[in-house]
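Comments concern the structure below.
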Amino acid sequence: MTENTQPPATTGPHSAATELPTQYAPAEVEGPLYERWVERGYFEADAASDKPPYTIVIPPPNVTGTLHLGHAFQHTLMDALTRRKRMQGYEALWLPGMDHAGIATQNKVEQQLADEGKSRHDLGREEFVERVWKWKQEYGGRILGQMRRLGDGVDWSRERFTMDEGLSRAVLTIFKRLFDDGLIYRAERIINWCPRCLTAISDIEVDYQEDAGELVSIRYGEGDDSIVVATTRAETMLGDTAVAVHPEDERYAHLIGKRIKLPLTDRTIPVVADSHVDPEFGTGAVKVTPAHDPNDFAIGQRHDLPSLSVMDERGVITVHGPFEGLDRFEARSAIVAALREQGRIVAEKRPYLHSVGHCSRCKTTVEPRLSMQWWVKVEPLAKAAGDAVRDGRVAIHPPELAKRYFDWVDNMHDWCISRQLWWGHRIPVWYGPDGETVCVGPDEQPPAGEGWTQDQDVLDTWFSSGLWPFSTLGWPENTKDLEKFYPTDVLLTGHDIIFFWVARMMMFGLYAMDGKEPFHTIALTGLVRDEHGKKMSKSNPNSVDPLDWMDAYGADAVRFTLARGANPGADVPIGEDWVQASRNFANKIWNATRFALINGATVEGPLPDAAELSATDRWILSRLNTVVAEADAAYDGYEFAKASDLLFHFAWDEVFDWYVELSKTVFAAGGRPAEVSQRVLGEVLDVTLKLLHPVMPFVTEELWTTLTDGESLVITTWPQDSGYRDEAAEAELATVRKLVTEVRRFRADQGLQPGQRVPATLDLSGTGLAAHEEAVRQLLRLTPAGDGFAATASLPVAGAVVALDLSGAIDFAAERKRLTKDLGLAEKELKQATAKLGNEGFLAKAPAEVVEKIKARKATAEADIDRLTTQLANLPG
RNA sequence: GGGUGCAUAGCUCAGCGGUAGAGCGCCGCCCUUACAAGGCGGAUGUCGGCGGUUCGAACCCGUCUGCACCCACCA
């Protein structure tokens, strides 16, 4: 196909134009462009600048992570925001970094150790942590390279990691402050425990799903003093310390206060009355296991019941007796079997669907467990976090999602922040030989002397990421960065992470920064889904690697597709078809610019006066300014889909399909000065490329730097609506478009081929276009009505009258029928063959010559051509 | 159990009080020298059902049905 893309001879300053290939090749363009941007320091923000700041901190991806479509989506939007603000004259900072991701990273390294037949305990704490750092060095942060590939305009000189020295200092500082303020405390409570990760996890790290269990009803006690309870976790009965019934439940009134025998043990337990019990549910009696169930724990507190732990940290039964050493699930069946043998199982229901908590990291069934942990007292912090949104200091986009935020911050339980891991920020508390507890601040030495030990636990990963908006800027030091760039402007992230991260940044930001909120706007995005709206996840087969798509179609195509799907708060379905469509758009822009360059479009000098402009010019400039205003409004409202769609249609439908096509008649006119059109076309492209740059940075940069003498779009000035409008020109062009479209439709209906010239008379007296008769004739492919002209049809449209001679029209249906018969092909076959080759129209002419012509042009249709050639050769005569 | 959102063309979705839209797909014609990753033309919808408000409803209100998602102490 390259043999017929010979560049036309070139003249003038834009000979580079013709060096542009006919197709956009992202792979060749994107890498070098990104390197150039970084080398020139375009993304490095200057804290000493006079420009107003615009700051976004990236939601730090896990150090273990790779770029998935969700990142690609959010990064595209954040990049678009910062790129646009930079062009608008802000000192724009998009700050990158990564999260140390406690459990995830520790799991990765433990897996590595397991492959070597070792556990972390074989190494010991210090060596293990060293090993994790080594792992990070070697395998961590792959996502950073992938972000470059996407085109993320982040300030690499400010890259941060949550375990950096500076950020660790921030963690210690705030821990100490919270501790001293009494907002951090240690307490024994029921927590969610993962028996595989061997650590506590917070409520939001638990994923609930419907599991099929078995609900058994067990008779406790004997005779009249017996009571039936139901459970799905029979093994916990070993730790029962009471049975609870509703205080007003008459069925059990006689039992309240009595003790009954607990089966399989030699213990007796009391029957207590507690209004938490729902008399309607089951038998209306509940077994109470304070050490293994949060509700039961609460009942235990109210009735002063002992808590009996029956399992160790791995979920293995520790109670002496026949079940000791059994895993919790083995113990469950064993205990049910034993009870059944004693005739104590009075009813079973299996499968019984109920929701069961799983560790969000490893999917292991969570075991509620009584344990000593560190907690943040969130009430005062959460109140402030709620108020900041309530009184409008922080806006949530889209506003509907604010309710979700309030639901959370207004009903937040205390936050369990200690994790029984080695990888993370170690809790800065030391215990003395006589039970003293000392919290050690960042500049303090741990207490000296014998017998002092540091707490073994580390902090929840979200504790350090909650400090991200200011710890990354140097807090607790009073740095220039902090002064310039805090508070940040927009926090853009998925709505699924409101509780994990957003609310915590709000709490910590307001607390640490003296009530100064960490950002003004929370922009919440939906989740990326596949083309049928199904959730994409790493474990799903529908999951797509955005890198594959970037390789195949370019980063801009992926970005544009994502931006175009980004309706505020709504999920984004994405399929390969749409990425292809975006790729096509990039290619379209490429070729339109190529056309402009070949025809000498220029951005030099001022725009010609309105008096010099044609109606077409005035129309497109009027539209251009309208689009600038509309695009601005959409970008400002985080309506990326609207902005993208608007620009897509303006560029393709109006600029490329009409303005450029209409310009051709000017450029082809010959002799007539084309400077005005060259300048206007240059202007329109210049502005359109700028408007698209935030979402399609690569192709726009490549084209713009070719079209203009500018250094880079990244640092150029964002277009402004000049206020220029011309309604008369818009109306006139509407007439032209209507006229042309109607005539084309008529021609198609009559069987005239698109390029076929038809003799016709044209009366434009009713349209105001009389002066442009020649141009209109060209558009409509009308030739002058010569001698002997006989109109066979007359078409009144848009105030004009067109009379045509249709004698040259082809009856396509009849042609097809004839060919089908002649070639001995089934009609369907013919269609398939001709679809790639061309069509019946020209096959009707000279077959040999036609096939020749096609062969030269269509390498991809080789097979079909061969077959058709054979068919044609075998035709008799 | 509580809450939120959604039901519009074959698919995925915009539109949110005034003549039904986009992308992809589909049909027909075409290489007209920027682009076949293209051009031109075309078809397709009782805007989930039923009521109501209005001169006028895909859009507002009520209700029903179906589907998503979020939250919660489902023994």
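Below, read A as the first sequence line, B as the second, and so on, with proteins coming before strands; counting in each chain starts at 1.
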Give a yes or no on whether a donor-acceptor pair under 3.5 Å exists between the nucleobase atoms of B:A36, that is its base, and the side chain of A:Gln23.
no
Atom CG of A:Asp556 and atom C1' of B:A37 are separated, to the nearest Å, by 15 Å
Does a nitrogen or oxygen in the side chain of A:Trp652 sit under 4.0 Å from OP1 or OP2 of B:G39?
yes
Quick one: is A:Asn591 getting a side-chain N or O under 4.0 Å of the B:A37 phosphate, OP1 or OP2?
no
Kindly write out the residues that satisfy side chain to side chain donor-acceptor pair (under 3.5 Å) with A:Gln580, not counting sequence neighbours, or none if the list is empty.
A:Tyr553
What is the distance from CZ of A:Arg583 to P of B:A36, rounded to the nearest Å?
12 Å
Could you check whether any side-chain N or O of A:Arg747 sits under 3.5 Å from a backbone N or O of A:Arg781, counting only pairs where one atom can act as donor and the other as acceptor?
yes
What is the nucleic acid contact for A:Phe656, judged by heavy atoms within less than 4.0 Å: base, sugar-phosphate only, or nothing?
base
Which nucleotide, B:C35, B:A75, B:A34, lies nearest any side-chain atom of A:Phe281?
B:A75
Contacts of A:Glu28 meeting salt bridge (charged side-chain N to carboxylate O under 4.0 Å, His left out) (sequence neighbours excluded), chain-then-number -> none
Determine whether A:Thr688 and A:Leu647 make a side-chain contact, defined as any pair of heavy atoms from C-beta on separated by less than 4.5 Å.
no
Determine the contact category for A:Phe585: base if any of its heavy atoms lies under 4.0 Å from a base atom, sugar-phosphate if only primed atoms, P, OP1 or OP2 are that close, otherwise nothing.
nothing
Gap in Å between the two P atoms, one belonging to B:C13 and one to B:C69, rounded
13 Å
Could you list the donor-acceptor pairs under 3.5 angstrom formed by side chains in residues 494-503 of chain A, with sequence neighbours left out?
unit_1: A:His495; atom_1: ND1; unit_2: A:Arg404; atom_2: NH2; d: 3.1
unit_1: A:Trp501; atom_1: NE1; unit_2: A:Ser465; atom_2: O; d: 2.8

Reported CG-to-OG1 distance for the pair A:Leu689 and A:Thr700, which is rounded to 0.5 angstrom:
6.5 Å
Gap between atoms CZ and P, on A:Phe297 and B:A75 respectively (whole Å)
20 Å
Short of 4.0 Å, heavy atom to strand atom, which residues of residues 399-406 of chain A count as contacting RNA chain B?
A:Lys403, A:Arg404
Kindly write out the residues that satisfy side chain to side chain donor-acceptor pair (under 3.5 Å) with A:Asp645, not counting sequence neighbours, or none if the list is empty.
A:Arg564
Using heavy-atom distances to pick each residue's nearest nucleotide on RNA chain B, tell me which of A:Lys287 and A:Pro26 is more 5'.
A:Pro26
With A:Phe73, which residues qualify under ring pair (Phe, Tyr, Trp, His ring centres under 6.0 Å), at least two apart?
none
C1' atoms of B:A7 and B:C16, separation to the nearest Å
15 Å
Looking only at side-chain N and O atoms, does A:Thr741 come under 4.0 Å of OP1 or OP2 in B:G41?
yes
Which part of the nucleic acid, if any, lies within reach of A:Thr231 when heavy atoms closer than 4.0 Å are counted: base, sugar-phosphate only, or nothing?
sugar-phosphate
Using the C1' atom as the reference point in each nucleotide, state the distance between B:A72 and B:U4 in Å, no decimals.
15 Å
Taking atom C1' of B:A34 as reference, at what distance in whole Å does atom CZ of A:Arg594 sit?
6 Å
B:C61 versus B:G17 - spacing of their C1' atoms, nearest Å:
13 Å
Have a look at A:Val229 and say if it touches a base, only the backbone sugar-phosphate, or nothing, with a 4.0 Å heavy-atom cut-off.
nothing
Determine which pairs satisfy salt bridge (charged side-chain N to carboxylate O under 4.0 Å, His left out) with at least one residue from residues 230-242 of chain A, sequence neighbours left out, and list them in order.
A:Arg233-A:Asp293, A:Arg233-A:Glu367, A:Glu235-A:Arg332, A:Asp240-A:Lys287
Between atom CG in A:Asn411 and atom P in B:A72, what is the gap in whole Å?
9 Å
Contacts of A:Arg189 that satisfy salt bridge (charged side-chain N to carboxylate O under 4.0 Å, His left out) - sequence neighbours left out
none
I need the full list of salt bridge (charged side-chain N to carboxylate O under 4.0 Å, His left out) pairs touching residues 567-578 of chain A, with sequence neighbours left out, sorted by first then second residue.
A:Arg529-A:Asp571
For B:U44 and B:C35, measure between their P atoms and round to the nearest Å.
34 Å
In whole Å, what separates the C1' atom of B:C6 from that of B:A58?
14 Å
Would you say NZ of A:Lys588 has more than 12 non-hydrogen atoms from neighbouring residues, nucleotides or ligands within 6.0 angstrom?
yes
How far does CZ of A:Phe281 sit from NE2 of A:His246, to the nearest 0.5 angstrom?
16.0 Å
Report yes if a donor N or O on one partner sits less than 3.5 Å from an acceptor N or O on the other, where the partners are the side chain of A:Gln580 and the base of B:A37; otherwise report no.
no
Salt bridge (charged side-chain N to carboxylate O under 4.0 Å, His left out) contacts in which one or both residues fall within residues 647-659 of chain A, not counting sequence neighbours
A:Arg623-A:Glu654
Contact class for A:Asp293 vs. all strands (heavy atom < 4.0 Å): base, sugar-phosphate, or nothing?
nothing
Give a yes/no answer on whether the side chain of A:Lys664 brings an N or O atom under 4.0 Å of OP1 or OP2 in B:U33.
no
Any stem touching RNA chain B, meaning at least three consecutive Watson-Crick or G-U pairs under 3.5 Å, ordered by first number, would be B:1-7 with B:65-71, B:10-13 with B:21-24, B:26-30 with B:38-42, B:48-52 with B:60-64
Same-atom distance (C1') from B:G1 to B:U63, integer angstrom
23 Å
Touch class at under 4.0 angstrom, heavy-atom based, for A:Thr232 against every strand present
sugar-phosphate
Using the P atom as the reference point in each nucleotide, state the distance between B:G62 and B:G25 in Å, no decimals.
41 Å
Specify the separation, in whole Å, of atom NZ of A:Lys588 and atom C1' of B:A34.
8 Å
When you check every protein heavy atom under 4.0 Å of nucleotides 8-23 of chain B, what one-letter string (B, S, -) results, 5' to 3'?
---SSSS-------SB
By nearest heavy atom, map A:His354 and A:His495 onto RNA chain B; which one lands nearer the 5' end?
A:His495
